[in-house]
Amino acid sequence: MEEDIDTRKINNSFLRDHSYATEADIISTVEFNHTGELLATGDKGGRVVIFQREQESKNQVHRRGEYNVYSTFQSHEPEFDYLKSLEIEEKINKIRWLPQQNAAYFLLSTNDKTVKLWKVSERDKRPEGYNLKDEEGRLRDPATITTLRVPVLRPMDLMVEATPRRVFANAHTYHINSISVNSDYETYMSADDLRINLWNFEITNQSFNIVDIKPANMEELTEVITAAEFHPHHCNSFVYSSSKGTIRLCDMRASALCDRHSKFFEEPEDPSNRSFFSEIISSISDVKFSHSGRYIMTRDYLTVKVWDLNMENRPIETYQVHDYLRSKLCSLYENDCIFDKFECVWNGSDSVIMTGSYNNFFRMFDRNTKRDVTLEASRENSKPRAILKPRKVCVGGKRRKDEISVDSLDFSKKILHTAWHPSENIIAVAATNNLYIFQDKVN
Amino acid sequence: MFARGLKRKSAEDGEDVEGGLAGTQATPSYSLQRQSLLDMSLVKLQLCHMLVEPNLCRSVLIANTVRQIQEEMTQDGTWRVLAPQAAGRAPLDRLVSTEILCRSVREQEGERPAADVGDGRTPGLVPGLSAVPSAQALRSPQSSLWEVDSSRENRGGFQKSLDQIFETLESKTPGSVEELFSDVDSSYYDLDAVLTGMVGSTQSGHGSGLQAFTAAATPPPGSSCRSDLGELDHAVEILVET
């Protein structure tokens, strides 16, 4: 893929000039809305920051629309579960946008236990000239009122306000890992480790349980749900992935409780690669439908796989993200990196897929040309508007000048969350507490 | 960043699978690696238990790894060879520590300890040895105790880890794997319920043993001695842990 990338970094925290990062600023989710005009990030501190793309100016053709902060709000607060004496983290696990139906924007944000529907709206006019109140809103002394007038709307500085419209709580015993808006735009699902619930946006005090894999005896638990998503066009279908590397496609028309799948996707194990870590690295960390709805993409620890919905016995494509880690699995198990959950994304035309890796590297795979590239999101290695240079990891033998050896990789710098603009070649990459936005260079 | 001195696990495993199960799996380095992986996993599970709210996916994956290791150890013989000693050791160990109690019971009933030692069979120990799954020649209690002691020294960490596996995987004591997954029903670990033998039928062996324990005033010689001691030890463990 011959892509020159124009870089633009945005640090979404007020620690812009500091080199340390507070844990609250660690970005935990990134998502473009359906038009790509807005980009939302959630962080470990429970905050949501929304960026808006500025309108393209005819005067500055070479300067494509940049993303600026549009709104910041505190979505979730830390809570305490008194029954279990456990703290509930405020970290935002996922954000999903609703399609825009009026002037306001709506998004769902979730932490481990509670999903919230937020309305983000603009206010650029305000009423002036009340009879009974003065300009500051204080009541006027009735004796001073001598005339009657009608308030008029006057322009004001743009104000963006976010208000919580719905709170969907108390439906999950385990930690929510996914939310997905249905194509009917009336319902959505939330998935935790063992159950998936279906919600109606208008109803907050009840949800339908559509998948339940909790065994009667918890001692028999060997598999959990890791991710779930609705089909982009068929509002009755959804998929969910498991820690054993399987994907199940379910049809809600078949029964109320979708414990029996319509399709079951699993690749047979490669006996030559078997180790004690085989199951752990087969655990799927993310599953995404293609925009067409014909394929699903899954991410496990070392690979990204593309599956055709019509073929259950194996994926149609497998891409190695960082196979050089296969010989390091024991160390990665020891330092817990083997449990890192990487996400994966499709580009707008489903021709390119992207996922993150370590050392602030992220990878793109072109499905048509079969070419792949490794890029790095870091301040030191890229100046604004500089073209990103492809990176290479040296797996053995003599290390070339620009290569980095496997043992030099920084495993604390992991790119778990990325997003791709729905129609253009603009990507958002979250590297710990920094957000990088890259776009195609305009010639 | 990586642990020094810890050999790469998967490469070794790959070689072993290709070479077949016989022979290669018994190499000391492989056993050592597998053992350290097992120890590491058990530590991770225990840490999980101490965290604010354990990540269920991670716990399940680690527990599955532990089970895999246990299965492989069972299959390639290292488990089987040591199992009787471990199983034999466990009740024998308990008998060693509670032998005084047992002896005093026998003395009460007028049995002569010398005669017991001489013919190599005592009421307390025979049931213990017969609990051993594979057929092993019965040894005199004294010598078998010595043997167990020395073998225990030799096995060292391996034996200890096997016991840990027994404890965690055979759901005998609190702190086991399933407790990580268990919800609010902790009645099993309720001390009062345990001692009064009111544990539910799912824990049948445990419950009946305890009932025997609580009901027995002067236990008849022979078989009940062992079960009494077993359950006494168990109750002591519970007391200690709570």
Side-chain angles (χ1 to χ4, degrees), chain A residues 81 83-89 112-113 173-175 177 192-194 214-215 217-226 242-244 271-283 285 325-339 341 358 406-412, chain B residues 1-18 30 33-34 36-41 43-44 47-48 51-73 168-171 176-185 188 202:
Chain A
D81 181 338
L83 192 65
K84 294 185 190 174
S85 287
L86 292 171
E87 213 182 81
I88 299 171
E89 276 193 307
D112 283 339
K113 299 284 186 181
T173 308
Y174 303 96
H175 290 177
N177 52 54
D192 66 30
D193 295 314
L194 298 179
K214 180 172 190 250
N217 186 357
M218 281 296 268
E219 293 174 33
E220 293 160 7
L221 180 67
T222 58
E223 191 174 11
V224 300
I225 297 170
T226 52
S242 83
S243 56
K244 287 199 170 169
S272 65
N273 264 336
R274 189 137 180 27
S275 74
F276 285 123
F277 305 108
S278 294
E279 187 184 311
I280 299 179
I281 63 170
S282 75
S283 174
S285 51
L325 297 183
R326 196 177 289 272
S327 56
K328 311 276 185 194
L329 291 178
C330 197
S331 309
L332 294 166
Y333 179 71
E334 192 177 12
N335 65 17
D336 269 4
C337 281
I338 207 174
F339 300 108
K341 293 196 191 299
Y358 293 104
V406 181
D407 294 315
S408 311
L409 294 174
D410 187 343
F411 287 82
S412 67
Chain B
M1 178 59 67
F2 296 120
R4 303 278 177 226
L6 190 66
K7 285 193 187 173
R8 292 173 297 178
K9 190 72 194 145
S10 54
E12 286 278 308
D13 285 351
E15 287 163 25
D16 285 338
V17 169
E18 282 161 6
Y30 177 81
Q33 280 179 46
R34 184 173 58 188
S36 72
L37 182 65
L38 181 62
D39 291 342
M40 201 198 309
S41 304
V43 166
K44 279 182 187 296
L47 283 176
C48 275
L51 282 176
V52 169
E53 183 146 39
N55 181 330
L56 190 64
C57 182
R58 181 174 172 272
S59 305
V60 167
L61 290 173
I62 298 172
N64 289 351
T65 307
V66 168
R67 276 192 207 103
Q68 265 187 67
I69 296 174
Q70 185 211 7
E71 275 167 25
E72 193 184 274
M73 281 176 156
T168 57
L169 296 176
E170 292 179 21
S171 52
S176 49
V177 166
E178 70 282 356
E179 199 192 44
L180 298 171
F181 310 145
S182 65
D183 287 337
V184 191
D185 64 331
Y188 173 67
T202 52

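Numbers restart at 1 for each chain; the letters A, B, ... are given by sequence-line order, proteins then strands.
- Across A/Thr222, A/Ile280, A/Ile338, A/Thr226, the residue that shares the most heavy-atom pairs under 4.5 angstrom with chain B is A/Thr222.
- Here B/Ser41 pairs with A/Tyr333, B/Leu37, B/Ile62, B/Thr65, B/Val66 under the side-chain contact (heavy atoms from CB on, under 4.5 Å) rule; sequence neighbours left out.
- At a 4.5 Å heavy-atom cutoff, the contact between A/Glu223 and chain B is made by backbone atoms alone.
- Residue A/Asp336 touches chain B through both its backbone and its side chain, counting heavy-atom pairs closer than 4.5 Å.
- Contact annotation for A/Leu194: only side-chain heavy atoms (C-beta onward) come within less than 4.5 Å of a heavy atom of chain B.
- Every residue meeting the side-chain contact (heavy atoms from CB on, under 4.5 Å) condition with B/Gln68, not counting sequence neighbours, appears here in chain and number order: A/Arg274, A/Phe276, A/Glu279.
- Counting all heavy atoms, side chain and backbone alike, B/Leu61 lies closest to A/Ser243 at CD2-O, 3.8 Å.
- With contacts defined as side-chain heavy-atom distances shorter than 4.5 Å, the pair A/Cys330/B/Gln33 does not qualify.
- A 4.5 Å side-chain heavy-atom check between A/Leu221 and B/Leu56 finds at least one atom pair inside the cut-off.
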